[in-house]
There are 2 protein chains.
Amino acid sequence: MERELLLLGFLRREQAHGYRLNEFIEREMATCTDIKKPTAYFLLAKMAKQGWITMRATREGNRPLRRVYRLTAKGEAQYQQLLRENLASFIEAKFPGDVGLAYADDLEAQDVLPLLSNRRAALAARLEATRQVPPHAGSLQLLVDHQVLHLETELAWLDQVIARFKRKAKQSQ
Amino acid sequence: MERELLLLGFLRREQAHGYRLNEFIEREMATCTDIKKPTAYFLLAKMAKQGWITMRATREGNRPLRRVYRLTAKGEAQYQQLLRENLASFIEAKFPGDVGLAYADDLEAQDVLPLLSNRRAALAARLEATRQVPPHAGSLQLLVDHQVLHLETELAWLDQVIARFKRKAKQSQ
DNA sequence: TCTTAATTAGTCAATCCTGACTAATTGGAG
DNA sequence: CTCCAATTAGTCAGGATTGACTAATTAAGA
């Protein structure tokens, strides 16, 4: 339900139409979610059906119909509950990159090394980009700090893994 | 495609039926994926359609039909490519728990603290459980080590966050 | 030797998610 | 003032995912 929470939390501050929501998601929340545009519209329609938000269609000129979404009292209650649930629970992160590592021994260590070196470069670039993010207001800065810490840890770990495969390559050579 | 990689990597070692695959996923690969049973069956059927694996129906007694899956040469080639792609790229982890933190300022700091304390307990339990996991063979141990390192980092970070909200609670009090 | 619980094996309807698309408006270069 | 690219706004068909279910087999206790 964290996708719903994300949308409700934004609508709580200001009523908005879908496009502004998607902008917020991409610009500010990229570190914790990757909801795509059609998903956001889908969830908004679902929440409207449940009475958590209202949908008001507006039209300017003959642009495509624009819907303005606004939180209802029921939605506010739901928001409070989802927020508390989210804060009180720990959801484990999954590492899709570990699937490859689990099978890395199927390749020669000499073949694995350049591949991991490529992974390392991508990770280092991501870390650098995140470090360059301008300061965010309030708790949003927490998310950036979290991401930086996480990426630093991943980089250190990846270097250990690479060292392991270097040793292995030397042995078998 | 890391779900397909996961399945192909297992079938490469031994032909197997759906149930054994799901067992492996839950027991050994829980740290890097959360594929559910029907998803695995869906992917197996899709890969069979693509010719990466073959499906042979067997029947013992009058049990429900059991399908044994086996990697084809085409599947082996695909496996090689997916494995190399996975090893060479870095896929960012998402933190659903950060959504709540982003909005934590909507609650009083005094209300946030017990919630985060609950999150901390869940995280600490998860870390302890992962530390207790018996040693795995080869690279599978890498995944466990990765998870432990990650959980340790998360715990340290969460303590920082909690400290932040403690300061905030003291200020507003 | 019943009865119950756990394990083995898989299916299906309903829901969720997104790549690819349409379409109008605005900004700016020439 | 015209044309092209970027921005704004949203839709839809099709594919992915899973909760809830069915059903036979085995294990174990009373």
Side-chain angles (χ1 to χ4, degrees), chain A residues 1-8 10-11 14-27 29-30 32-50 52-70 82 91-92 94 96 99, chain B residues 1-8 10-11 14-27 29-30 32-50 52-70 82 91-92 94 96 99:
Chain A
M1 301 297 276
E2 82 270 357
R3 284 149 126 90
E4 283 86 349
L5 176 60
L6 187 76
L7 296 172
L8 290 177
F10 187 85
L11 290 178
E14 45 179 308
Q15 55 171 313
H17 48 96
Y19 194 84
R20 264 189 72 53
L21 277 164
N22 281 301
E23 202 175 42
F24 169 69
I25 291 167
E26 271 172 50
R27 291 233 220 297
M29 300 299 238
C32 53
T33 192
D34 56 349
I35 310 180
K36 299 296 186 298
K37 210 156 32 119
T39 307
Y41 283 112
F42 169 77
L43 293 175
L44 288 168
K46 198 186 62 167
M47 292 195 292
K49 208 182 298 174
Q50 260 149 354
W52 301 356
I53 59 180
T54 58
M55 246 164 68
R56 189 165 48 82
T58 64
R59 159 157 283 158
E60 287 164 34
N62 64 342
R63 284 194 190 193
L65 200 63
R66 173 199 273 199
R67 289 189 188 81
V68 178
Y69 299 92
R70 184 199 290 266
L82 289 178
I91 304 151
E92 249 178 304
K94 301 286 170 183
V99 177
Chain B
M1 301 300 275
E2 84 269 358
R3 283 150 127 89
E4 283 86 350
L5 176 60
L6 187 75
L7 296 172
L8 291 177
F10 186 85
L11 290 178
E14 45 179 308
Q15 56 171 313
H17 46 97
Y19 195 85
R20 264 188 72 54
L21 277 163
N22 281 302
E23 204 174 42
F24 169 68
I25 291 167
E26 272 172 50
R27 291 233 220 298
M29 299 301 236
C32 55
T33 191
D34 56 349
I35 309 180
K36 300 296 186 300
K37 213 156 30 123
T39 307
Y41 283 111
F42 170 78
L43 292 174
L44 288 168
K46 199 186 62 170
M47 292 195 295
K49 207 182 298 173
Q50 261 150 355
W52 300 357
I53 59 180
T54 57
M55 246 162 67
R56 188 166 50 84
T58 65
R59 158 159 284 161
E60 289 164 33
N62 62 344
R63 283 194 191 192
L65 200 64
R66 174 199 272 198
R67 289 188 188 82
V68 177
Y69 300 91
R70 184 198 289 266
L82 289 178
I91 304 152
E92 248 179 303
K94 301 288 170 182
V99 178

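Naming convention: chains lettered A, B, ... in sequence-line order (proteins, then strands); numbering from 1 in each chain.
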> Quick one: A/Glu2 CD to C/dC17 P, roughly how many Å, whole number?
Replying inline: 9 Å
>> Using a heavy-atom cut-off of 4.0 Å across all strands, would you classify B/Lys46 as base, sugar-phosphate, or nothing?
In response: sugar-phosphate
> Of the nucleotides C/dG19, D/dT8, D/dT17, which one has an atom closest to the side chain of A/Lys36?
Replying inline: C/dG19
> Can you check the B/Leu21 CG to C/dT8 P distance for me, whole Å?
Replying inline: 14 Å
> Which listed nucleotide (C/dG10, C/dT18, D/dT17) is nearest to the side chain of B/His17?
Replying inline: C/dG10
> If you pin B/Tyr19 and A/Phe42 to their nearest nucleotides in DNA chain C, which one's is more 5'?
Replying inline: B/Tyr19
> Please give, in whole Å, the distance from C/dT18 P to A/Leu43 CG?
Replying inline: 10 Å
>> For A/Phe10, give me all partners under ring-ring contact (aromatic ring centres under 6.0 Å, His included), at least two apart in sequence or on another chain.
In response: A/Phe24
> For A/Arg3 and C/dT18, is the shortest distance between a side-chain N/O and OP1 or OP2 below 4.0 Å?
Replying inline: yes
> Roughly, in whole Å, what's the span from CZ in B/Arg67 to P in C/dG10?
Replying inline: 7 Å
> Picking from D/dT17, D/dG10, C/dG10, which would you name as closest to the side chain of B/Thr39?
Replying inline: D/dT17
> Within this structure, what is the CE-to-P distance between B/Met47 and D/dA16, rounded to whole angstrom?
Replying inline: 12 Å
>> Base, sugar-phosphate or nothing for B/Arg20? Non-hydrogen atoms, less than 4.0 Å.
In response: nothing
> Of all the nucleotides listed (D/dT17, C/dT18, C/dC12), which has the minimum atom distance to the side chain of B/Pro38?
Replying inline: C/dC12
>> Rounded at 0.5 Å granularity, tell me how far CH2 in B/Trp52 sits from CD in B/Gln50.
In response: 4.5 Å
>> Could you report the tightest heavy-atom contact between A/Leu11 and A/Ala16, atom names first, then the distance?
In response: CD2-N, 3.8 Å
> Between CE of A/Met29 and CZ of A/Arg3, what distance do you get to the nearest 0.5 Å?
Replying inline: 13.0 Å
> When the distance from OH of B/Tyr41 to C1' of D/dT22 is rounded to whole Å, what number comes out?
Replying inline: 13 Å
Report, one line per pair, each donor and acceptor closer than 3.5 Å where one atom sits in a side chain of residues 35-48 of chain B; sequence neighbours left out.
{"unit_1": "B/Lys36", "atom_1": "NZ", "unit_2": "B/Asp34", "atom_2": "O", "d": "3.2"}
{"unit_1": "B/Lys46", "atom_1": "NZ", "unit_2": "B/Glu4", "atom_2": "OE2", "d": "2.9"}

> Rounded to the nearest Å, what distance is computed from the CG atom of residue A/Leu6 to the P atom of nucleotide C/dC16?
Replying inline: 17 Å
> How long is the line joining CD1 of B/Ile35 and P of D/dA16, in whole Å?
Replying inline: 13 Å
